[in-house]
Amino acid sequence: MTREAPVVLWFRRDLRLGDHAALLEASRHSRHVLALYVLDDALLKPGGAPRTAFLYGCLEKLNEQLGGRLMLVRGDPAVEVVRAARSVGAAAVHVSTDCGPYGRRRDASVAKALAENNIDWVETGSPYAVTPGRVTKPDGDPYRVFTPFHRAWTAHGWRAPADTGPSLVDWVEPPRSLKVPRPPRVDAELPEPGERAALDAWHAFLEDGAETYDTDRDRPDLSGTTRLSPYLRWGCVHPRTLLADLGDSAGAKSLRSELCWREFHADVLWHRPETARENYDRRFDGMEYDDDREAFDRWCAGRTGYPIVDAGMRQLLAEGWMHNRVRMVVASFLVKDLHQPWWLGARHFMKHLVDGDLASNQLNWQWVAGCGTDAAPYFRIFNPTTQGEKFDPDGDYVRRYVPELRSVAGKAVHTLKDRPEDYPAPMVDHAHERRVALERYGKL
Ligand SMILES: Cc1cc2nc3c(=O)[nH]c(=O)nc-3n(C[C@H](O)[C@H](O)[C@H](O)COP(=O)(O)OP(=O)(O)OC[C@H]3O[C@@H](n4cnc5c(N)ncnc54)[C@H](O)[C@@H]3O)c2cc1C
């Protein structure tokens, strides 16, 4: 292959130009690179409106960075990627590895279709610091427990960020391209899309939040976390970029560990792709659930009568995002107080989260439900009132999202001795439902 024959860089979950290992590899093969994105209905249809709107925003930004040279097509990737590569006489298609179940199937069929056309398929890097599947126990088995995975992941280490940017190559003028579609209407207020916004958010966090991350990250009333999850979801920033900036403070260690949770869940899904839909722990297949659509709808709307649960569910609708601590509380409430299956809640989350990610979402739901790998034991049931008192100690978080409770001062907002008339009574008695949950668990 000469350096003059173009290659294609097919963007998927890597919508950035900095620290881009596949771009670096593409540049080693040719100076002339066609930037391609395929709008694939198999992925777009099930994705909720906030995620789709954010994606389209990221594509606009990427196109701007490329001087308007992003080739955007719609259809079956196995057809469209080949067509795009042939249209510029490309010798190879470069990608970052996609580790999800659908992405792996899709890529196998695209690589096959390219091979039939004598076009090479080159995978370099992935959306993770350590590509899923790489960290295994000494006997080659995957880890099932986070702490030893974390240890092995740290020992394995990761490369330094790749030195890439928009001017590394000459971007080929696409022979044709669709315009980025108009984003679907979204009521939630979404973050600014794109690589620049991701890096700005990261640098602001390094200046303001990194020192206190360790102590503030569990407090939904404070802005104690990075809020980078949507950017990591779409690859507007690579985790390696973040890891390279982290030192050895308690905050840095804690954030490294959270980033490792993301990698752990991706690793679990890589080894057990069926856990996107099925219980990791098959003993839970026999769990008895309630079929109560009305209860589920009240949970979705944030009308359960438990203030921290309602605040979380309303934050999800208002921002397409929810604080991690509250995600755990609302998930526990759905599964253990309302006795509904985890996958109903996971589906609702995927519809509304701007950071909705199959591995992180499904496996965190399973972790809370008790049926996942390294799961919180089933009998550890979050008490929504004490969780509220502990992690939202002044009640500010609840008042921000539940206007009916704004007249209640301080932490009394969690116990509500005097409940405002327009705020519902608790839909269930937590102490009773806790016993029911434990009884059902005992029968497994
Ligand atoms: C029921 C449930 C569902 C979830 N669904 C998702 C999801 O769809 N997408 C998603 O990105 N995260 C999900 N999480 C994990 C976590 O809640 C979010 O990553 C986090 O709240 C994002 O906010 P942040 O970027 O400010 O996090 P920070 O605290 O700043 O953490 C930095 C990054 O580390 C990663 N991270 C942190 N905690 C976790 C975790 N427990 N599991 C995996 N990765 C983590 C994220 O990529 C996050 O952006 C879920 C958690 C629960 C309990």
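In this chain, numbering begins with 1 at the start of the sequence shown. For ligands, and for the atoms within them, numbers begin at 1 and follow the listed sequence.
Each of the atoms 24 (P), 26 (O), 28 (P), 29 (O), 30 (O) of ligand 1 lies under 4.0 Å from some heavy atom of Thr225. Under a 4.0 Å criterion applied to the non-hydrogen atoms of Leu259, ligand 1 contributes the atoms 33 (C), 34 (O). Shown in contact with Gly356 at under 4.0 Å from a heavy atom are these atoms of ligand 1, numbered in order with element: 8 (O). Every atom of ligand 1 with a heavy atom of Met328 under 4.0 Å away is listed here by number and element: 53 (C). Those atoms of ligand 1 with a heavy atom of Ser229 less than 4.0 angstrom away are 11 (O), 22 (C), 23 (O), 25 (O), 49 (O).
Note: an N/O pair closer than 3.5 Å links Leu228 and ligand 1 by distance alone. By the 3.5 Å distance cut-off applied to N or O atoms, Trp261 is not counted among the residues near ligand 1. At under 3.5 Å, not a single nitrogen or oxygen of His323, backbone or side chain, sits near a nitrogen or oxygen of ligand 1.
Panel note: side chain Arg51, backbone Lys351; no donor-acceptor pair is recorded below 3.5 Å. With hydrogens and angles ignored, the 3.5 Å screen pairs no side-chain donor or acceptor of Trp299 with any backbone N or O of Phe333. The backbone N or O of Asp357 sits nowhere less than 3.5 Å from a side-chain atom of Ser360 that would complete a donor-acceptor pair. Checking side-chain atoms of Asp221 against main-chain N and O of Asp396 turns up no donor-acceptor pair under 3.5 Å.
Only the side chain of His265 comes within contact range of ligand 1, with a heavy atom under 4.0 Å; no backbone atom does. Both the backbone and the side chain of Thr226 come within contact range of ligand 1, each with a heavy atom under 4.0 Å.
Looking only at heavy atoms of the protein, atom 5 (N) of ligand 1 is closest to Asn361 OD1, 3.1 Å. Looking from atom 45 (C) of ligand 1 to the surrounding protein, the closest heavy atom is Glu258 O, 3.6 Å. The shortest contact between atom 12 (N) of ligand 1 and any protein heavy atom is with Ser360 CB, 3.6 Å. For atom 16 (C) of ligand 1, the closest heavy atom belonging to the protein is Asn324 OD1, 3.3 Å. With hydrogens left out, the protein atom closest to atom 6 (C) of ligand 1 is Arg327 NH1, 3.2 Å, a heavy atom. For atom 9 (N) of ligand 1, the nearest protein heavy atom (residue, atom name, distance) is Asp355 O, 2.9 Å. Among protein heavy atoms, atom 24 (P) of ligand 1 sits closest to Arg227 N, 3.6 Å. Scanning the protein heavy atoms around atom 50 (C) of ligand 1, the nearest turns out to be Asn364 ND2, 3.4 Å.
By the 4.0 Å N-to-carboxylate-O rule, Arg134 lies too far from Glu263 to be salt-bridged with it. Using a 4.0 Å cut-off between a side-chain N of Lys or Arg and a carboxylate O of Asp or Glu, Glu192 and Lys61 qualify as a salt bridge. One finds no salt bridge joining Arg219 and Asp216 here, because no Lys/Arg side-chain nitrogen approaches an Asp/Glu carboxylate oxygen to under 4.0 Å. A salt bridge links Arg240 with Asp19; the closest basic N to acidic carboxylate O contact falls under 4.0 Å.
Of the listed residues (Tyr213, Phe264, Trp202, Trp321), the one carrying the non-hydrogen atom nearest atom 31 (O) of ligand 1 is Tyr213. Nearest-residue assignment for atom 32 (C) of ligand 1 (options Val329, Asp357, Leu255, Leu358; heavy-atom criterion): Leu255.
Applying the 6.0 Å contact sphere to CZ of Arg159 captures no more than 12 heavy atoms from other residues, nucleotides or ligands.
Between Phe146 and Trp261, the two ring planes are parallel [angle under 30°; tilted spans 30° to 60°]. The aromatic rings of Trp153 and Trp158 sit tilted, their planes meeting at an angle between 30° and 60°.
Geometric assessment of Arg327 against the ring of Trp365 yields a negative cation-pi assignment under the 6.0 Å and 45° thresholds.
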